[in-house]
Amino acid sequence: MIAAEKGAYFDEARSAEIVIDRNADCPDARLAEIVAVVVRHLHAAVKEIDPTQEEWLQAIAFLTRTGHMCNDWRQEFILLSDVLGVSMLVDAIANRKPSGATQSTVLGPFHVADAPLLPNGADICLDGKGEPLLVRGRVTDPDGRPIAGARLDVWQANDEGFYDVQQKGIQPDFNLRGVFETDAEGRYWFRAAKPKFYPIPDDGPVGQLLRRLGRHPYRPAHLHFIVTAEDREALTTHIFVPDDPYIGSDPVFGVKESLIADFVLRDDPARAADLSLRNPFWEVEYDFVLAPARAAAG
Ligand code: BEZ
Ligand code: FE
């Protein structure tokens, strides 16, 4: 019989310590640190919750349903992290920006890597639905110097609240997506549709959890951007429509005050004709400020 090391048997009071000690020979110091922190906080949470066996099994069943909901297009665990505020916390920690740089927010699940590169002025609204929108602005450094050749990868939901990838065969491919490049003065501009609020996918366990918590699934209207340029930190962000009914209760906590843009309704038939937009049209001007690239860790 192999003798147990002193203190190796389970004990309620010292439960986390016993598990952490068992990992003492882990050759990966970072893994050991992460597991120790998770075990410490998880055991503290279980002690505070004081669960019945039945409640613990319900938690396991919830996580099992969450896993079963995942496939190549649906990532229910990311959605869970989103609605618990963890995605935004990780984003805040990993993307601390110097003052003056545009703030980041969640990527979300609907970005596609191969959207077409389009000339400035192009219309990304291929289904013709919704109110016409002109989006324009500049990309600069924190001193206001224009960045030429910066790329803006943009995507948004259509007027019915769905991304093209959620409605393959219904919406045209690459509806409301495109990549634009800034001109010599750092300017970009394109035509789109005024975004509307839409529900995050809520037909799975995360949607059930939201309902049981008395929360709604509606993300306030926004356009997504990934802005990149040479020697600059990549920026993943949104701009939000200010008068949206859900602006103060985003289920994924993605709203930041500095990302709420000014959408102005223009009634200007001559300018609309010039821009090939229906009149009246909405206009939003938003400048993105990119931080310098961080020195590579060495
Ligand atoms: C989105 O804005 O596309 C999104 C973000 C988080 C969860 C679901 C959707
Ligand atoms: Fe979105």
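Counting starts at 1 for both ligands and their atoms, in listed order. Start at 1 with the first residue, then count along the sequence. No experiment lies behind these values; they were computed from the predicted model shown.
- For the residue pair His222 / His224, a side-chain donor-acceptor distance below 3.5 Å is found, with atom types taken as modelled.
- Using a 4.0 Å cut-off to heavy atoms of Leu79, the atoms of ligand 1 that qualify are 7 (C), 8 (C).
- With a 4.0 Å cut-off on non-hydrogen atoms, Leu107 does not touch ligand 1 at all.
- By the 4.0 Å N-to-carboxylate-O rule, Arg40 lies too far from Glu17 to be salt-bridged with it.
- With 3.5 Å as the limit, one finds no donor-acceptor pair spanning the side chains of His238 and Thr105.
- The hydrophobic clustering, which links ILVMFWY residues whose side-chain heavy atoms are closer than 4.5 Å, places Leu223 and Leu134 apart.
- Checked by distance only, ligand 1 and Arg219 come closer than 3.5 Å through their nitrogen or oxygen atoms.
- Proximity to His224 (heavy-atom distance under 4.0 Å) selects the following atoms of ligand 1: 1 (C), 2 (O), 3 (O).
- Vertex the Fe ion (ligand 2), arms ending at OH of Tyr198 and NE2 of His222: the angle is 100° after rounding to 10 degrees.
- Asp268 and Asn279 share no donor-acceptor pair across their side chains, judged by distance under 3.5 Å alone.
- Taking a 6.0 Å sphere around CZ of Arg22, one finds it holds 12 or fewer heavy atoms contributed by other residues, nucleotides or ligands.
- Summary of contacts: the protein heavy atom closest to atom 7 (C) of ligand 1 is Asp82 OD2, 3.2 Å.
- At a threshold of 2.8 Å, the Fe ion (ligand 2) has no backbone or side-chain N, O or S atom of Gln156 nearer than that distance.
- Under a 4.0 Å heavy-atom criterion, Tyr198 is in contact with ligand 1.
- Close approach of ligand 1 to His222 is summarised as follows: ligand atoms under 4.0 Å from at least one heavy atom of the residue are 2 (O).
- Among all protein heavy atoms, the one lying closest to atom 5 (C) of ligand 1 is Gly108 CA, 3.5 Å.
- Atom CZ of Arg138 and atom CZ of Phe288 lie 13.0 Å apart (nearest 0.5 Å).
- Nearest to the Fe ion (ligand 2), among the N, O or S atoms that His224 has, is NE2.
- Of the candidates Arg211, Arg219, Arg74, Asp202 forms a salt bridge (charged side-chain N to carboxylate O under 4.0 Å, His left out) with just one, namely Arg211.
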